[in-house]
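So that the names make sense, note that chain A is the first sequence line, chain B the second, and so on, each numbered from 1. Worth saying up front: this structure is predicted, and the values here are computed from it rather than measured.
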Amino acid sequence: MEPTYRSRGINFCWRLRYLFSKPKRHDVVVVRFAGTKVMLLKRVVGLEGERVEFRDGKLFVNGSPLEEPYVRHPCNWNLSPRIVDNNCVYVVGDNRSMPIENHYFGQASLGRIIGGLLW
Amino acid sequence: MVKMKYLIIALLIVMVGILATLLFFPSEEKKVKKRFAHLSEHMSKDLGENTFIMANKIKRISALFGENCNFTVSDYSLSGNYTREEISGIALRGRAHFSTLGLKFYDLKVSFPEKDLAQVNLTARLTGKSVYGEHVDETRELICLLKKIEKKWLFSSFEVIEVLKR
């Protein structure tokens with residue numbers, strides 16, 4: 001999530017953030033990746049039913065380029081279009097300086113989103 | 001006073017009995033967890049491991065699996081059903097890629113959905129250094145099934161949970 005959040009830094013999660021609402025686009029969320037201790041910080045870029053794709057490093061949602069001021073490192077990622085399933089969001093990290101295969105991103109079920117970020 | 005002495009001796013005997021039962025007759029859950037501890041121990045590799053130790057570990061890994069084991073791993077071409085001998089080959093080739101290797105299991109939650117069948121939800125962390133000098137540190141959530149065959153819990157299925165589906 002660099003440069004927005006420092007890698008391996010300490011952050012605080014607000015677990016009640018999505019108790020009565022669903023994550024919105026551009027929200028930074030905490031995704032439970034494995035067990036009860038391994039969490040990932042990711043940014044929501046696609047909502048359920050939307051079509052998400054990467055073209056030459058630019059993220060497109062429903063065919064329109066998404067404005068992402070938080071992305072500082074340019075990339076050349078390409079990913080064919082895919083529809084986000086019900087009860088899921090599409091999440092990507094802000095740091096896209098690495099090859100696409102080395103980055104954890106994709107569709108996460110809402111059950112895996114444990115909260116938002118306090119700071 | 002004499003009665004008190006006998007009471008204390010009786011209590012001590014009962015306590016020793018309980019401890020011995022816990023030690024020598026572990027619960028099924030403990031037996032299942034022990035299999036993961038063995039898998040972790042035998043998969044690990046230290047720098048400069050000799051051929052004898054390697055062969056011994058592969059043999060022990062193979063003994064932890066049933067006749068067949070199913071692997072479901074979405075990111076890799078490893079998915080499929082393998083015999084015990086094929087698993088030995090995979091473990092051998094996999095370990096050969098690393099100069100040092102560690103496999104640890106955390107947060108094990110054991111349930112018994114059927115008789116002689118155990119389901120374990122856990123976190124697995126693989127760390128090490130490849131023979132090319134690359135550091136590896138991968139963590140995944142898994143669901144494993146073990147079947148009790150001839151009083152032994154043997155691995156029959158490994159599924160890597162796909163949290164982020166591309």
Side-chain angles (χ1 to χ4, degrees), chain A residues 1 7-8 23 28-48 50-54 59-60 75 77-96 98-114, chain B residues 29 32-33 35-37 39-40 43 71-79 97-98 101-111 118-130 132-146 155 157-166:
Chain A
M1 280 297 288
S7 187
R8 298 186 185 274
V28 175
V29 294
V30 180
V31 182
R32 189 174 65 81
F33 188 64
T36 54
K37 298 178 188 81
V38 186
M39 307 289 164
L40 296 179
L41 279 188
K42 292 288 164 190
R43 194 175 293 274
V44 176
V45 295
L47 306 173
E48 56 185 20
E50 291 184 337
R51 195 173 73 246
V52 179
E53 65 182 302
F54 275 102
L59 179 64
F60 288 75
C75 66
W77 294 2
N78 282 295
L79 187 77
S80 58
R82 56 217 53 220
I83 305 289
V84 182
D85 289 344
N86 282 341
N87 287 317
C88 292
V89 287
Y90 207 86
V91 296
V92 188
D94 289 356
N95 182 4
R96 299 173 198 172
M98 67 291 284
I100 192 167
E101 58 271 18
N102 294 351
H103 189 83
Y104 289 127
F105 74 97
Q107 175 180 288
S109 79
L110 291 175
R112 285 271 171 180
I113 309 287
I114 65 155
Chain B
E29 187 176 331
V32 168
K33 286 183 176 175
R35 304 307 273 179
F36 284 92
L39 183 61
S40 169
M43 277 300 287
F71 288 86
T72 311
V73 191
S74 60
D75 295 349
Y76 302 93
S77 55
L78 189 70
S79 294
H97 281 291
F98 296 91
L101 185 65
L103 179 65
K104 300 275 183 198
F105 300 109
Y106 303 93
D107 300 334
L108 283 89
K109 283 182 192 157
V110 184
S111 60
Q119 180 179 312
V120 187
N121 292 54
L122 65 130
T123 302
R125 186 179 183 199
L126 186 102
T127 53
K129 195 176 176 185
S130 78
Y132 306 109
E134 289 174 324
H135 286 276
V136 177
D137 190 348
E138 293 279 335
T139 305
R140 291 285 188 279
E141 190 172 310
L142 308 180
I143 296 178
C144 299
L145 293 178
L146 294 92
F155 292 107
S157 165
F158 280 85
E159 183 189 351
V160 177
I161 303 297
E162 193 180 20
V163 177
L164 297 175
K165 186 183 164 193
R166 287 190 176 177

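- Residue contact with chain A, scored on non-hydrogen atoms closer than 4.5 Å, is absent for B:Leu142.
- Atom CZ of residue A:Arg112 and atom CD1 of residue B:Ile161 lie 7.0 Å apart, to the nearest 0.5 angstrom.
- Using a 4.5 Å cut-off between heavy atoms, A:Val91 touches chain B through its side chain atoms alone.
- Under the side chain to side chain contact (heavy atoms under 4.5 Å, CB included) test applied with A:Lys37, the options B:Asp107, B:Thr123, B:Thr139 reduce to a single match, B:Asp107.
- The line from CD of B:Glu141 to CZ of A:Phe33 is 9.0 Å long, rounded to the nearest 0.5 Å.
- One finds the CZ atom of A:Phe105 at 13.5 Å from the NZ atom of B:Lys165 (value rounded to the nearest 0.5 Å).
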Could you check B:Leu164 against A:Leu40 for side chain to side chain contact (heavy atoms under 4.5 Å, CB included), going step by step and ending with a plain yes or no?
-> CA-CA 11 Å; B:Leu164 297 175; A:Leu40 296 179; 3.9 Å; yes
Side chain to side chain contact (heavy atoms under 4.5 Å, CB included) between A:Val38 and B:Arg125: does it pass, once the steps are laid out?
-> CA-CA 10 Å; A:Val38 186; B:Arg125 186 179 183 199; over 6 Å; no
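- Taking CD of B:Glu162 as the reference point, atom CD of A:Gln107 lies at 9.0 Å (rounded to 0.5 Å).
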